[in-house]
Amino acid sequence: MKRIYVLGLTILVAALMTSCGLGKMVSKYPQVTVTLDNPDLENKGGNVAYTIKGTIPPKYMKKKATMTLSPTLKVDGVNIQPFTTIKLKGEKATGEGTPIKYKTGGTFTKSGTFKFDESYETAEIVMNGVAQLKKKTATLSPEKNLGEGISNTASNIGLRPVLSQDATKGGNFIEAPHRFVPEFKGKTAIIYFDLNSSAMNWSNKNNKSQAAKDSIKTFINFLNEGNLIDRVVISGWASPEGEESNNQGLSERRFEQGKKWFQEQYNNYLKDYAKKNKIKMKDLKMPSFEYINNAKGEDWDGFELAIEKSNMAQKNQILNVVKSQANNDMREQKIREMTDIYPEIADAILPPLRRAEMQLICKKHESYTDAELISRVKSNPKDFSVNERLYAASVCTNVDDKRAILNALINDPATQGDWRAYNDLGVLALNDYYETGNSQSLDDAVSNLNKAAAISPNNGIVLNNLALAEFLQGNYAAARTQFENSKDASVDPVNQDYVLGMYSILDGDYTRAVQLMGNKSCDYNTALVQILNKEYPAAQETLNCITNADAKTYYLKAVLAARLKNENEIYSNLAVALQKDPSLKKKAKRDAEFKRYRHSATFKDLVK
């Protein structure tokens, strides 16, 4: 009897519903279409923008009825309603809502935004509805499915920091400036030439002088000492009485003669060295150094100085006449005229100006090579200044040797107050954490960097490295604050345009991101912006030219493939990404970019 009573009550309610018009709205609800204008919602600057569109069929909306449509997110079984409720009303209904005519039906559009939450990545997007007529209400079913998942690809910003001594660009592990300026020593030899000639003539009066012979002898002796050559500066000069265009060419040819002479002396030194050390010339390791061409043309300064130092009674008048001429051609003409009046100009002033000067510049510090300096600094650190020791560490390619030099600095009471050694030890540990994920390295890095910051507060280099420590742990907000502080630091500020451009991606300002990052080619974050701007061919080109691609790069390639609906490329790139970094499996499982492929056997096998 009880079951018959319940059944009868249900029939009665349905009959009542039908009689008041709601029943037909319930039964015809499947004919109501509701869609997301873009079913692939995404996080942009912490917000999700959406547009919902719908169509109400003719003879559906009762004239005095109202409808409330509630877009909803289902997150792990829990209903969340960040969307704005949509209200519709019949043409004779009162209150708020979009009016819908009974006879013709109608359409509606609702746009809005809501705050993004990471839990929304796997949410189901559904639509629930309620209809009301007078005092009666009815739930509209079935629930409409509008989509699945909200992508958070904008959060995939990334840095690939490298060890660097360049503070002009942040986002790298920046070593402190060693501030070591190599000291140099040198000798100069001078060879003189005849008028309008670049041919060697050892019978030239100036070449035969004792001063010239002594300078060449001293030069060759210095060369034969085996000093470590850094560069050879060769200056070719011409006297200023000839035509300027000819004199420039003449000084160039004198440079070539000076270079040829030096190479002959240097080859003699090498042969002698090989003979004394019983080394074959072919087996001799040839040092490298730079030749600097300093051909200057006419030596006007030398001319004026020689006149000033001369004993000529009219030297002031001569200089005034020459200097008062409007151009070099006129000055040259005046000099030629005065050589007839003042023979001393032709005999004593001009000939020494026709010359080539060979300046041999060698490193001081007992001519240590970098390798020798590293070895000596390691064995006898206190024999060297702090800057020399930091320089040795900076050129050291062996990490253990570099660390040993820096530890010696912080363990030496005389040098442990220098922030740079702590910074560089922090950088080494930070780089190790980046490459290996060793948590102890991270602790060591932060400890040393904090000590550096205590010694040198508000230091841009230290703040940059502390920012990277936060960034690599995923603490993006804290890292951003440190990067900004690094840019504005009072000591060693660091240019953080690229990094702050990367953060503009998180802000949703993609145009600003491109401007700050310089629209770099073959760059991960540039490719990310291009994907977010739906510039897919450009993104593909950018990603494909990245060398030594890491796990994040392959993951982004998989995201691009998903947007291009290239299923094979999704799986191949995702496979490499997950092999390089298995922790990305958890991310891939939830990533809305792969929502169309979550249920495929291949995808499931990759992320299991």
Margin query: Could you walk me through whether Y266 and W261 satisfy the ring pair (Phe, Tyr, Trp, His ring centres under 6.0 Å) test, starting with their C-alpha distance in whole Å, then the side-chain angles of each, then the deciding distance to 0.1 Å, before giving a yes or no?
Written below: CA-CA 9 Å; Y266 188 58; W261 176 84; over 10 Å; no

Note to self: For D581, is there an ion pair with K587 - N to carboxylate O distance below 4.0 angstrom?
What the structure shows: no

Note to self: Distance alone, cut at 3.5 Å: any donor-acceptor contact between the side chains of S155 and N152?
What the structure shows: yes

Note to self: If you define the side chain from C-beta out and look only at heavy atoms, does anything of L425 sit under 4.5 Å from N407?
What the structure shows: yes

Margin query: Side chains of D523 and Y498 only: does a donor on one sit below 3.5 Å from an acceptor on the other?
Written below: yes

Notebook entry, point to check: With a 4.5 Å limit on heavy-atom distance, are the side chains of Y391 and L373 in contact?
Noted result: yes

Item checked: Pair T113, N47: side-chain N/O donor-acceptor within cut-off below 3.5 Å -> no

Next item on the list: Ignoring hydrogens and angles, state whether a donor on the side chain of N387 or R420 is under 3.5 Å from an acceptor on the partner side chain.
Entry: yes

Checklist line | Residue from R590, R598, K595 passing salt bridge (Lys or Arg N to Asp or Glu O under 4.0 Å) with E148 | finding: R598

Margin query: Any donor-acceptor pair under 3.5 Å linking the side-chain atoms of S164 with those of N172?
Written below: no

Notebook entry, point to check: So with a 6.0 Å cut-off around NZ of K187, is the heavy-atom count from everything else above 12?
Noted result: no

Note to self: Angle between ring planes, Y571 versus F603, binned at 30° and 60°: parallel, tilted or perpendicular?
What the structure shows: tilted

Check: Can you find a pair of side-chain heavy atoms, one from I405 and one from K378, that are under 4.5 Å apart?
Finding: yes

Note to self: Checking D214 against K217 for the salt bridge (Lys or Arg N to Asp or Glu O under 4.0 Å) test, could you report, in this order, the C-alpha distance in whole Å, the side-chain angles of both residues, the deciding distance, and whether it holds?
What the structure shows: CA-CA 5 Å; D214 288 345; K217 182 179 179 180; over 6 Å; no

Item checked: Test salt bridge (Lys or Arg N to Asp or Glu O under 4.0 Å) applied to K608 and D605, step by step -> CA-CA 5 Å; K608 68 181 180 181; D605 187 55; 2.8 Å; yes

Check: Under a 4.5 Å cut-off applied to non-hydrogen side-chain atoms, are L406 and L428 in contact?
Finding: yes

Check: Is there side-chain contact between E484 and L500, with at least one heavy-atom pair below 4.5 Å?
Finding: yes

Notebook entry, point to check: Hey, is CD on E118 packed in by over 12 heavy atoms from elsewhere, all under 6.0 Å?
Noted result: no

Notebook entry, point to check: Any luck finding a side-chain donor-acceptor pair between N464 and K487 under 3.5 Å?
Noted result: no

Margin query: Quick one about D444 and S447 (side-chain donor to acceptor, distance below 3.5 Å, no hydrogens or angles considered), yes or no?
Written below: no

Note to self: Assess whether a salt bridge exists between D299 and R355, defined as any Lys/Arg side-chain N lying under 4.0 Å from an Asp/Glu carboxylate O.
What the structure shows: yes

Margin query: Under 3.5 Å, is there a donor on one side chain and an acceptor on the other for D591 and Y555?
Written below: yes

Check: Between R480 and D507, is a salt bridge (Lys or Arg N to Asp or Glu O under 4.0 Å) present by the stated rule, with each step listed?
Finding: CA-CA 12 Å; R480 182 176 195 164; D507 295 340; 2.7 Å; yes

Check: With the threshold set at 4.0 Å, does a side-chain nitrogen-carboxylate oxygen contact exist between K557 and E569?
Finding: no

Notebook entry, point to check: Is there a donor-acceptor pair closer than 3.5 Å between any side-chain N or O of Y503 and the backbone N or O of Y476?
Noted result: yes

Notebook entry, point to check: Roughly how far apart are N458 CG and N485 CG, rounded to 0.5 Å?
Noted result: 7.5 Å

Margin query: Does the plane of the ring in Y273 sit parallel, tilted or perpendicular to the ring in Y269? Use 30° and 60° as the thresholds.
Written below: tilted

Next item on the list: Please check if any side-chain donor atom of S235 sits under 3.5 Å from a side-chain acceptor atom of Q359, or the reverse.
Entry: no

Note to self: For Y120 and F114, take the angle between the two ring planes, folded into 0 to 90°, and tell me which bin it lands in: parallel under 30, tilted 30 to 60, perpendicular over 60.
What the structure shows: perpendicular

Notebook entry, point to check: Mind checking whether F471 and I157 have side chains closer than 4.5 Å, heavy atoms only?
Noted result: yes

Next item on the list: State the CD-OG distance between E121 and S151, to the nearest 0.5 angstrom.
Entry: 8.0 Å

Next item on the list: Using distance alone, with no hydrogens and no angle criterion, decide if K185 and N227 have a side-chain donor and acceptor under 3.5 Å apart.
Entry: yes

Check: Taking the side chain as C-beta and beyond, is there a heavy-atom pair between M517 and D497 under 4.5 Å?
Finding: no

Next item on the list: Answer yes if the side chains of Q496 and S486 hold a donor-acceptor pair under 3.5 Å, and no otherwise.
Entry: yes

Note to self: Please tell me whether F289 and Y291 form a close aromatic pair, meaning their ring centres lie under 6.0 Å apart.
What the structure shows: yes

Item checked: Beyond-backbone contact of L564 with Q540, side-chain heavy atoms, under 4.5 angstrom -> yes

